[in-house]
Amino acid sequence: TDVKSFPDRKNFGMDRFTFGFTVKDSPDFFINVTAWGGDAYINGLASSFSTGDCVIIENPLVATKDLEKGDRFCPATPSHYRLLVTEAHSQVCLCADMDTTDRLLPLIHLPVKDSRDFYTLGDIVANGQKLDGSVINILAAVKSIGDTKQFTTSDGRKGQRLEVRLFDDSVSSFPLVCWDREAIQLMQTLIPRETVLFIADAKISFDSFRSGMTATVNSKSIITVNPDTREASLLFSYAKEVSESGALDQDEMLEDVPVESITDVYTVSQLKQKAQENPEAFFGITYSFISKLDLDSSVSKVIRTRCSRCKFLVTEDFSSCTNQLCPGKDQTFSATTGFDLLVDFTDHTGTLHTFNLKSPVAEKTLGCTIEEFTSLTDDERTAMKWKFLLERCKIYVKIIPSTKMKSGIRGMILDCSLADAGEVKQHMSALLQQRL
């Protein structure tokens with residue numbers, strides 16, 4: 001927990017400093033530790049290790065828990081005791097013995113609660129305000145990590161706030177708020193869409209501003225990153241598949257807008273720059289050349305069938321969804337088949353890679369249905385490809401900033417057609433005026 005200070009009742013005008021942490025040395029047992037001392041000692045100690053480090057605690061005082069006082073703000077542990085570390089008698093240092101460290105570190109991936117004892121995000125949303133003020137366990141994947149916001153309270157204390165968006169197979173976006181510096185630092189090391197969290201004792205609240213539920217990490221919470229459990233493994237597989245399918249991008253907060261309402265025109269470099277400066281999704285038009293369009297690769301890479309409910313790629317027999325977390329696994333199976341292309345486009349300022357071009361936009365762009373496409377010969381598919389390749393097109397795009405992509409951008413093509421010569425001339429004149 002963050003370092004706090006209190007007036008020292010024995011030394012008038014002086015402050016005592018404290019912080020707490022929790023340690024475990026076996027799958028089933030863990031205990032809370034509280035450190036007390038002067039400013040330099042406590043702040044130095046707190047900055048000398050982080051969550052996930054292996055430490056040696058020398059000469060701590062063993063004390064009985066007092067659940068009526070400070071212990072009620074600490075994580076619940078199976079022990080009746082707690083450890084006190086004091087500046088005068090105790091020492092905490094990093095463990096340098098690699099054999100010990102290798103033995104202990106896997107414990108960090110074991111949740112401190114029963115791995116089956118958790119709410120799905122769908123459960124939280126369905127219960128709504130009935131859960132307001134409750135403390136529960138959550139298993140979810142990380143969708144995105146926001147920027148840390150610094151603030152100063154009315155009494156002059158400085159603080160920070162970080163919002164993480166979570167998802168699972170039932171809800172595509174759910175807010176998790178962190179106020180504690182250590183929790184924020186932990187979150188900032190995670191890879192969105194590739195990390196699953198088991199959050200023990202998260203506080204659930206109704207946010208009137210959002211008109212929805214939100215979860216908060218507090219002093220009682222313990223976060224397990226990528227838990228070594230069957231439930232987490234299934235969710236990790238789901239997160240990976242749904243991320244690669246582009247389904248998460250379709251669920252971004254910014255809904256698609258009518259193409260005719262999109263008027264802002266960008267070069268490729270301007271799209272990249274705006275995505276770096278703005279974490280929110282946005283729309284635009286670019287006049288660019290299609291530089292990659294693999295219509296002549298195998299049909300299975302151009303046309304794909306996905307589960308209607310969870311967007312997983314389905315097996316060739318089209319009889320079932322292989323996602324064990326599919327919300328429709330106990331219902332009649334249904335699937336949709338459509339174009340599923342990755343397109344590169346280029347202008348004089350650069351190239352953007354792997355933008356999604358999917359049905360029904362792809363049908364309109366290519367001028368054929370999937371049935372018509374599958375009946376084409378290899379030569380006819382190649383001819384269709386060259387109709388667009390290296391031709392300047394007017395492309396309407398949805399840009400979603402992403403730390404996962406090298407370019408910093410994930411994108412969807414909302415409309416694409418060969419550009420009118422007059423429009424291109426007008427666009428190039430406008431660019432020239434900007435430069436002048």
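Along the sequence shown, the residues carry numbers beginning at 1.
Applying the side-chain contact (heavy atoms from CB on, under 4.5 Å) test between Val33 and each of Val23, Val55, Val92, Leu84 identifies Val23 as the sole match. Looking at Thr101, Thr100, Asp99 one by one, the single match for side-chain contact (heavy atoms from CB on, under 4.5 Å) with Arg103 turns out to be Thr100.
Using a 4.5 Å heavy-atom cutoff, the side chains of Thr34 and Val85 are not in contact. The shortest distance between side-chain heavy atoms of Ile413 and Val343 falls below 4.5 Å. Residues Ile42 and Thr18 fail the side-chain proximity criterion, which asks for heavy atoms closer than 4.5 Å. Residues Leu352 and Lys272 have side chains in contact (heavy-atom distance under 4.5 Å, counting atoms from C-beta outward). Inter-residue side-chain proximity for Pro227 and His109 is flagged as unmet; no heavy-atom pair is nearer than 4.5 Å. Counting only heavy atoms from C-beta outward, the side chains of Val268 and Gln270 never approach each other to under 4.5 Å. Looking at heavy atoms from C-beta onward, Leu83 lies in side-chain contact with Ile31 at the 4.5 angstrom threshold. Two residues are said to be in side-chain contact when any heavy atoms from C-beta on lie closer than 4.5 Å; Leu197 and Met187 meet this criterion.
Atom CG of Leu139 sits about 7.5 Å away from atom CD of Glu231, to the nearest 0.5 Å. Put simply, CG on Asn59 and NE2 on His89 are 7.5 Å apart, with the number rounded to the nearest 0.5 Å. The CZ atom of Phe73 sits 12.5 Å away from the OG1 atom of Thr1 when rounded to the nearest 0.5 Å. One finds the CG atom of Asp53 at 12.0 Å from the CG atom of Leu104 (value rounded to the nearest 0.5 Å). One distance of note links CG of Asp66 with CZ of Arg82; it measures 7.0 Å at 0.5 Å rounding. For the atom pair Asp180 CG and Arg161 CZ, the distance stands at 14.5 Å (nearest 0.5 Å).
Checked by atom type, the side-chain pair Ser288/Thr286 shows a donor-acceptor distance below 3.5 Å. Side-chain contact of Thr351 with Thr346: a donor-acceptor pair under 3.5 Å is present, judged by distance alone. One side chain, Ser170 or Asp168, offers a donor N or O that lies under 3.5 Å from an acceptor on the other. Donor-acceptor pairing under 3.5 Å is recorded for the side chains of Tyr266 and Lys274. Counted by atom type alone, Asn218 and Ser221 present one or more donor-acceptor pairs between their side chains at under 3.5 Å. Ser173 and Arg165 share a side-chain donor-acceptor pair at under 3.5 Å. Side chains of Gln188 and Thr148: a donor on one and an acceptor on the other come within 3.5 Å. Inspection of the Asp344 and His353 side chains reveals an N or O donor paired with an N or O acceptor under 3.5 Å. A donor-acceptor contact closer than 3.5 angstrom links the side chains of Asn32 and Thr22. Checked by atom type, the side-chain pair Asp39/Asn43 shows a donor-acceptor distance below 3.5 Å.
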Steps toward side-chain hydrogen bond (donor to acceptor under 3.5 Å, both in side chains) verdict (Thr305, Thr337):
CA-CA 4 Å; Thr305 300; Thr337 301; 2.7 Å; yes
Evaluate Leu131 against Asp123 for side-chain contact (heavy atoms from CB on, under 4.5 Å), listing each step before the verdict.
CA-CA 10 Å; Leu131 289 176; Asp123 293 335; over 6 Å; no
Evaluation steps, side-chain contact (heavy atoms from CB on, under 4.5 Å), between Ile395 and Ile285
CA-CA 6 Å; Ile395 307 172; Ile285 301 169; over 6 Å; no
Stepwise, does the side-chain contact (heavy atoms from CB on, under 4.5 Å) test hold for Val112 with Phe30?
CA-CA 8 Å; Val112 296; Phe30 52 102; 3.5 Å; yes
With side-chain hydrogen bond (donor to acceptor under 3.5 Å, both in side chains) as the test, would you mind laying out the steps for Thr349 and Asp347 before giving the verdict?
CA-CA 5 Å; Thr349 66; Asp347 69 4; 2.6 Å; yes
Could you give me the CA-CA distance, side-chain angles and deciding distance for Glu182 and Thr51, then say whether side-chain hydrogen bond (donor to acceptor under 3.5 Å, both in side chains) is met?
CA-CA 8 Å; Glu182 182 70 26; Thr51 301; 3.2 Å; yes
Take Leu176 and Ile199, measure what side-chain contact (heavy atoms from CB on, under 4.5 Å) needs, and give me the verdict at the end.
CA-CA 10 Å; Leu176 173 71; Ile199 308 163; 3.6 Å; yes
Kindly indicate, with the supporting measurements, whether the criterion side-chain hydrogen bond (donor to acceptor under 3.5 Å, both in side chains) is fulfilled by Ser79 and Thr77.
CA-CA 5 Å; Ser79 174; Thr77 70; 5.1 Å; no
Tell me, with the steps shown, if Phe174 and Phe167 meet ring pair (Phe, Tyr, Trp, His ring centres under 6.0 Å).
CA-CA 6 Å; Phe174 188 89; Phe167 74 97; over 10 Å; no
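Phe49 and Phe19 have tilted rings, their planes meeting at an angle from 30° to 60° on a 0 to 90° scale. Between Phe118 and Phe198, the two ring planes are perpendicular [angle over 60°; tilted spans 30° to 60°]. Between Phe151 and Trp179, the ring-plane angle classifies as perpendicular under the 30° and 60° cut-offs.
Thr365 contributes a side-chain N or O that, together with a main-chain N or O of Val361, makes up a donor-acceptor pair within less than 3.5 Å. Side-chain atoms of Lys292 do not come within 3.5 Å of backbone N or O of Leu342 as any donor-acceptor pair. Of the possible polar contacts, none joining the Thr195 side chain to the Pro192 backbone as a donor-acceptor pair under 3.5 Å is found.
The environment of Lys385 atom NZ is dense: over 12 non-hydrogen atoms of other residues, nucleotides or ligands sit within 6.0 angstrom. Residue Arg181 qualifies as open at atom CZ: its count of foreign heavy atoms under 6.0 Å is 12 or below. A 6.0 Å sphere centred on NZ of Lys394 holds more than 12 heavy atoms belonging to other residues, nucleotides or ligands.
Shown here for Lys24 and Leu110, the closest heavy-atom pair between the two residues is NZ-O, 3.3 Å. Taking each heavy atom of Ser219 and Pro75 in turn, the nearest pair found is O-CD, 3.4 Å.
A salt bridge links Lys113 to Asp201: at least one charged side-chain nitrogen sits closer than 4.0 Å to a carboxylate oxygen.
In summary, the aromatic rings of Phe373 and Phe339 are positioned with their centroids under 6.0 Å apart. Between Phe283 and Tyr396, the ring centre distance reaches or exceeds 6.0 Å.
Checked against salt bridge (charged side-chain N to carboxylate O under 4.0 Å, His left out), Lys364 has the following partners two or more places apart in sequence or in another chain: Asp415.
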